[in-house]
Amino acid sequence: MVSQIIGDRRGRLAHGYSRIIVWTTVLTLFCVFCCRGVPESSNAASAQKEAPQGKSVDAFMGDWQGRWVVSDGSDTGPLVAQVIALGKGEYQANILDEFDSRARPIAVLVGMLENGTVSFSGQATYEGMDFEVHCTIAGGKFMGNFEGSDASGSFTMDRVVRLSPTLGAKAPAGAVVLFDGRDFGQWERLVPFAGMINIAEVVGSEENAAAYLQARLWSDSDQQVGLELGSDDGVKVWLNGQVVHTNNASRAVAAGQDKFKVGVKRGWNDLMLKITNGGGGWAACARVVGADGKKATGVAEEEPRTQKATRMYLDLNNDFATIWRIAGPYRQEGKSGRQLLDVAFSPESPGGQQPVKWKRIGAAEAEPKKVQWLVVDDAMEVKPGGGSIVTKRKFDDFKMHIEFCTPFMPEARGQGRGNSGVYLQGRYEVQVLDSYGLEGRDNECGGIYQIGEPIVNMCAPPMQWQTYDIIFRAARFDDKGKKIKDPEVTIKHNDVEIHTETKLPRVTGGALDSNEAEPGGVYLQDHGNRVRYRNIWLVELKRDEAG
């Protein structure tokens with residue numbers, strides 16, 4: 001799971017670029033990948049059909065291509081653009097020499113939709129010449145003009161849908177078909193640990209929000225106990241109305257991340273947790289132990305039906321508190337998840353004007369491994385809060401084909417925008433994210449989290465099907481069990497190689513285990529967004545074939 005939170009998409013992309021347009025001299029490379037692009041008119045129907053939510057593709061978002069020309073006709077050249085929907089009628093246009101390059105954009109412009117037209121304007125400087133640029137998108141055309149003291153001209157672009165050539169690739173003879181659009185027979189749900197409170201399952205996987213969890217604990221005497229907490233993301237803790245712990249973290253939940261001692265009184269004690277979420281998954285856990293870290297004595301939970309003290313659920317769940325009430329989500333305009341930890345919402349102010357609506361929630365106990373995701377239009381769709389899934393079979397070296405589609409979430413940002421992940425052997429994450437038009441970092445689409453960024457950002461717009469074609473070579477060990485060679489991976493994203501025999505020196509965050517000498521399954525991540533997958537197949541390789 002990726003816990004690092006990326007900031008505002010527009011700020012991220014504009015960082016390092018001047019908002020002044022710099023017309024570069026390389027305008028002859030337009031042909032790269034253009035053979036993959038076709039006018040939108042011939043692909044609009046299929047693009048709409050493939051939209052994850054069954055909605056029409058945004059009329060402005062996506063790829064555009066055309067040409068610029070000087071007013072006197074003395075010079076002309078190719079031009080392309082990526083248009084990103086930012087929500088609430090706002091759009092960002094990256095003007096480029098060519099698609100699929102790490103070169104800086106010629107321009108990064110922001111415009112607003114009004115009366116069916118998105119308008120952009122900006123200043124430009126090229127080879128010492130100053131230009132004023134004005135452009136619009138309307139009626140299926142991206143048109144504009146540039147004017148300076150020494151030259152002026154115009155440009156026109158049409159929208160194109162560039163589809164991966166390997167979409168729909170058929171599994172070869174002997175392949176292991178992991179998903180063919182019908183059922184989850186090859187998969188099982190990753191059962192969370194006992195005691196995990198799945199907040200997303202009750203209030204949704206909300207970006208930049210806070211939720212409160214409340215439990216009552218009985219103690220036979222005044223005593224010191226230990227609290228062992230985990231949270232995704234930040235946590236603040238009250239005991240009997242007093243703040244006893246705060247950690248403004250950005251992380252994935254794991255048991256025992258924060259450990260501290262508190263004093264409980266004889267009788268009932270009120271425990272309240274505030275959990276903040278920057279985006280993606282949302283969960284927490286709380287374990288009650290003795291002051292020495294061993295099993296607590298004389299501590300029990302409140303049974304909700306009888307309101308009497310019971311140790312039954314603590315004993316069944318390794319001392320994790322399992323009986324809770326939950327309230328939320330709470331938000332404040334302009335505040336990030338981290339900033340919300342210090343914003344006092346109604347549960348922190350009893351008797352306030354806003355009544356608190358508490359709901360009952362139980363921690364995960366002995367849950368079945370049945371996959372809770374959905375099958376929609378011959379694709380599997382992440383059910384937020386339904387848990388990640390993993391193949392029942394485990395693999396060593398292999399070639400794999402997988403297709404994915406990120407949802408349209410224009411107002412979401414960073415890791416909250418179409419987030420999921422494909423884990424090879426359950427240990428090495430190839431990131432899935434709507435990072436269309438971004439730089440292409442290791443925590444963006446095609447990146448290997450915290451290990452390697454893609455050679456180029458090949459991420460397609462949201463709501464468009466994409467492909468990963470992967471060759472994975474497992475780690476090698478000698479007869480004594482010593483690792484003598486790191487795993488390696490070669491990845492094609494939309495049929496363009498973005499990693500070439502990239503070494504994987506360690507497992508990535510969210511790995512199921514670190515047993516690199518053992519085979520592992522393909523693990524698909526539930527990060528709280530309705531990402532879809534389809535046409536998943538794998539060819540197992542012999543050691544000599546894999547190298």
Are [X] and [Y] close enough that a side-chain donor and a side-chain acceptor fall under 3.5 Å?
X	Y	value
Ser152	Ser71	yes
Asp58	Tyr91	yes
Glu429	Tyr423	yes
His134	Ser121	yes
Gln415	Gln431	yes
Glu403	Asn535	yes
Asn145	Glu147	no
Tyr436	Thr406	no

Residue pairs, two or more places apart or on separate chains, that pass salt bridge (Lys or Arg N to Asp or Glu O under 4.0 Å) and touch residues 496-506: Glu488-Lys503

Qualifying residues under side-chain hydrogen bond (donor to acceptor under 3.5 Å, both in side chains), relative to [X], sequence neighbours excluded:
X	result
Thr166	Ser164, Thr467, Asp469
Asn529	none
Asp478	none
Glu188	none

List for me each residue that meets side chain to side chain contact (heavy atoms under 4.5 Å, CB included) alongside [X], sequence neighbours excluded, and say none if there are none.
X	value
Ser74	Val70, Asp72
Ala475	Phe477, Lys483, Pro487, Glu516
Met112	Glu90

Name all pairs fulfilling the side chain to side chain donor-acceptor pair (under 3.5 Å) condition that reach into residues 170-180, sequence neighbours left out, sorted by first residue then second.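 For residues 170-180: Asp180-Arg182.
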
Partner of Asp397 under salt bridge (Lys or Arg N to Asp or Glu O under 4.0 Å), picked from Lys485, Arg473, Arg476, is Arg476

When you measure from the centre of the six-membered ring of Phe99, is the NZ or CZ of Arg162 closer than 6.0 Å and no more than 45° off the axis? yes

Report yes if the side chains of Ile470 and Leu424 come closer than 4.5 Å at any heavy-atom pair, otherwise no.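 Ile470 reaches Leu424 side chain to side chain.
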
Under 4.5 Å between any side-chain heavy atoms of Arg413 and Asn208, yes or no? no

Partner of Asp63 under side chain to side chain contact (heavy atoms under 4.5 Å, CB included), picked from Val83, Val160, Leu96, Val80, is Val160

I need the single residue from Gln65, Arg159, Met157 that forms a side chain to side chain contact (heavy atoms under 4.5 Å, CB included) with Phe142. Which is it? Met157

Test of understanding: with ring pair (Phe, Tyr, Trp, His ring centres under 6.0 Å), list the residues that count as partners of His493, not counting sequence neighbours.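 Scan of His493 (ring pair (Phe, Tyr, Trp, His ring centres under 6.0 Å), adjacent residues dropped) gives Phe404, Tyr468.
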
Reported SG-to-CG distance for the pair Cys405 and Asp434, which is rounded to 0.5 angstrom: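 Going from SG on Cys405 over to CG on Asp434, the span is 10.0 Å.
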
Give, for atom CD1 of Ile389 and atom CH2 of Trp187, the distance between the pair rounded to the nearest 0.5 Å.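 The distance works out to 5.0 Å.
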
Salt bridge (charged side-chain N to carboxylate O under 4.0 Å, His left out) involving Asp183 - partner list, sequence neighbours excluded: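 Here no residue qualifies.
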
Partner set under salt bridge (charged side-chain N to carboxylate O under 4.0 Å, His left out) for Lys141, not counting sequence neighbours: Asp158

What heavy-atom pair brings Val422 and Tyr533 nearest, and what distance separates the two atoms? CG2-CE2, 3.9 Å

Check the angle between the aromatic planes of Tyr428 and Phe472 and answer parallel, tilted or perpendicular using the 30° and 60° thresholds. tilted

